[in-house]
Amino acid sequence: MQSIRWRLSVYYSVALTLTIVVFGAVLYLERRASAVREQEDQLTQRLENEIGLIRSSIAEWANYFDVVREEPAIGRPGDVSLGLVDGLRAQLDGLPRDLIFITDPANRLVYVSRAASDLGPTALQKVLRTLQRRPPVLGGSLRLQDTGEPYRFVIDTLAPQTPGAIRAVMVAARTEGPLRGPTQLLVSMLIVSPVIILAAAIMGYWLAGRALSPLEVMVAEVEAIQDGRSLHRRLAVPPGDDELGRLGANLNAMLSRVERSFVALRRFTADASHELKTPLMVLRAGVERSLTHPEAPEEVVDTLDETLRQINEMTELVTNLLTLARADEGRFSLVREVGDLVPLVAEAGETAEILGERAGVTVVLGLPDAPVLAVIEAGRIRQLLMNLITNAVKYTTPGGTVEIALTASEVEATIVVRDTGIGIATGDLGHVFERFWRADPSRSRSGDRPGAGLGLAISKWITEAHGGSIAVQSRPGRGSTFTVVLPLPPPPEAAEA
Ligand code: ADP
């Protein structure tokens with residue numbers, strides 16, 4: 001659930017971040033473009049005002065003088081240089097901010113303002129070409145230097161076009177200063193956006209948690225339905241006809257169907273096992289009686305022996321099935337009383353020695369000196385021990401060892417059954433306590449290692465019914481270790497205190 005909640009919050013935050021980035025970028029670019037337009041309009045306006053001033057100055061001077069003068073060029077005999085009448089030039093020099101270019105009717109530059117004095121010949125050529133354009137241009141932008149923004153310019157063409165007069169005036173300037181508005185907007189967005197995204201992510205996480213909490217409850221309830229005994233439980237269906245409500249109702253309906261099938265199956269297993277017990281007992285008695293017949297021929301005795309073995313195995317299987325079916329139904333309550341585990345383990349050890357002797361397996365028994373008192377049903381603990389011990393001997397090859405050890409702490413007793421046998425594959429370890437599970441199903445039930453795959457399922461039930469736990473560790477070819485831990489009651493002094 002945690003992961004869905006996290007995933008939803010992450011997706012939501014990523015979507016929000018993308019939206020904010022796209023929105024911010026569009027807003028910034030749009031604001032920037034309009035700020036540039038505004039700045040250019042203001043500049044053009046200023047240039048037009050300025051050119052108006054220049055024009056009226058020229059007109060004033062032209063009333064009295066030729067405003068363009070030819071003078072002998074210094075150092076170049078025979079050549080003339082052109083210039084404006086001094087008073088007008090002084091007036092124009094008083095406008096130092098912008099580039100001012102003035103040409104005469106022959107399109108020769110007669111005045112270049114101080115601000116334009118460091119422009120190279122290429123730039124001046126560009127200016128002249130622009131002033132000469134046909135049809136004449138009255139404004140626009142021009143790149144006069146390699147770096148920076150292009151210049152905005154305004155041109156005014158004057159009439160009459162007589163010698164000594166002025167043909168055209170160009171005033172040019174660049175936009176000044178950074179675009180403060182859009183930059184401030186960008187900075188504000190960069191500061192505010194993470195805060196908004198963080199707040200939205202926290203909010204999203206909280207909302208996802210709230211929306212998913214009924215699902216969380218349902219998962220916990222479904223998790224609590226672990227086995228057949230808890231199938232009667234139903235989920236608390238959230239109110240309303242939304243998806244969660246329908247999911248809960250459907251799960252409940254499914255649980256009802258599963259419970260009905262499960263109960264029917266359990267009933268059938270219990271009844272069938274119960275019904276089979278009596279005919280098996282009759283069969284066994286009949287075969288045993290026939291076996292004692294003094295005149296029975298040898299081959300008949302052999303057949304009867306095999307039949308008796310099969311009947312015994314079947315009886316054990318039926319008994320085990322009945323045990324598990326009743327345990328599932330909760331009809332099997334243990335009759336537990338305080339008993340010493342030491343003699344039980346010792347007794348199982350002795351049986352193990354007999355089995356081990358037959359199978360060529362050495363049995364080592366380790367017991368504590370003091371009694372280990374636990375609240376147990378002795379018969380069931382004996383069954384548990386025998387299941388583990390017969391398995392250990394059964395799955396150990398001749399020459400191997402089976403070790404049985406009982407130890408106790410203040411709170412629990414530990415029974416370990418360790419063998420040096422064939423072991424269990426790692427992938428199979430999770431299945432050994434399942435009903436009817438056998439590592440190699442192809443092995444026949446009556447083959448070299450007979451069994452129905454119920455022994456460990458019953459052992460687990462017995463351990464858990466005593467409040468304990470059972471675990472297995474194993475490596476193929478290196479043997480297996482089954483560990484049973486049973487809780488011990490507090491010692492009498494502690495109980496009294
Ligand atoms: P079975 O009657 O077949 O022995 P169990 O429930 O007792 O049934 O065991 C289930 C399966 O677990 C066995 O078939 C066997 O494959 C495996 N197993 C149990 N004990 C051991 C062991 N000590 N060593 C190796 N495999 C074991």
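Quantities reported herein were computed from a predicted structural model and do not represent experimental measurements. Indexing begins at 1, ligand by ligand and atom by atom, following the structure's order.
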**OP:** Identify, by atom number and element, the atoms of ligand 1 in contact range of Trp437, meaning under 4.0 Å from any of its heavy atoms.
**Re:** 10 (C), 11 (C), 12 (O)
Original post:
Do any heavy atoms of Asp419 fall under 4.0 Å from ligand 1?
Top reply: yes
Subject >> Gln310 and Glu306 side chains, donor-acceptor separation under 3.5 Å >> reply: yes
**OP:** Check ligand 1 against Gly423 and write out every atom of the ligand that is under 4.0 Å from a heavy-atom position of the residue.
**Re:** 25 (C)
**OP:** Kindly confirm or rule out an N or O of Gly455 lying under 3.5 angstrom from an N or O of ligand 1.
**Re:** yes
Original post:
Knowing that exactly one of Thr390, Val363, Val361 qualifies, which makes a side-chain contact (heavy atoms from CB on, under 4.5 Å) with Leu355?
Top reply: Thr390
Original post:
If you look at every heavy atom in Ile191 and Pro194, which pair is closest and at what distance?
Top reply: O-CD, 3.4 Å
Subject >> Contact check, Gly453 vs ligand 1, heavy-atom distance below 4.0 Å >> reply: yes
Original post:
What atoms of ligand 1 come within less than 4.0 Å of a heavy atom belonging to Ile424?
Top reply: 25 (C), 26 (N), 27 (C)
**OP:** For atom 4 (O) of ligand 1, state which one of Thr420, Asn391, Asn387 supplies the nearest heavy atom.
**Re:** Asn391
**OP:** Could you tell me whether Arg233 and Glu221 have a side-chain N and a carboxylate O separated by less than 4.0 Å?
**Re:** no
Original post:
Under a 4.0 Å N-O cut-off, is there an ion pair linking Glu40 with Arg37?
Top reply: no
**OP:** Count the heavy atoms of every other residue, nucleotide or ligand shown that sit under 6.0 Å from CD of Gln473, and state whether that count exceeds 12.
**Re:** no
**OP:** Out of Arg435, Lys460, Lys394, Arg438, indicate the one that has the non-hydrogen atom closest to atom 3 (O) of ligand 1.
**Re:** Arg438
Original post:
For residues Arg418 and Thr401, is any side-chain donor paired with an opposing acceptor at under 3.5 Å?
Top reply: no
Original post:
Which atom pair, heavy atoms only, marks the closest approach of Asp419 to Ala392?
Top reply: OD2-CA, 3.6 Å
**OP:** Please identify which atoms of ligand 1 are closer than 4.0 Å to at least one heavy atom of Ser480.
**Re:** 22 (C), 24 (N), 25 (C)
Subject >> Heavy atom of Phe433, distance to ligand 1 below 4.0 Å >> reply: no
Original post:
Taking only heavy atoms of Leu454, which atoms of ligand 1 are found under 4.0 Å from at least one of them?
Top reply: 6 (O), 8 (O)
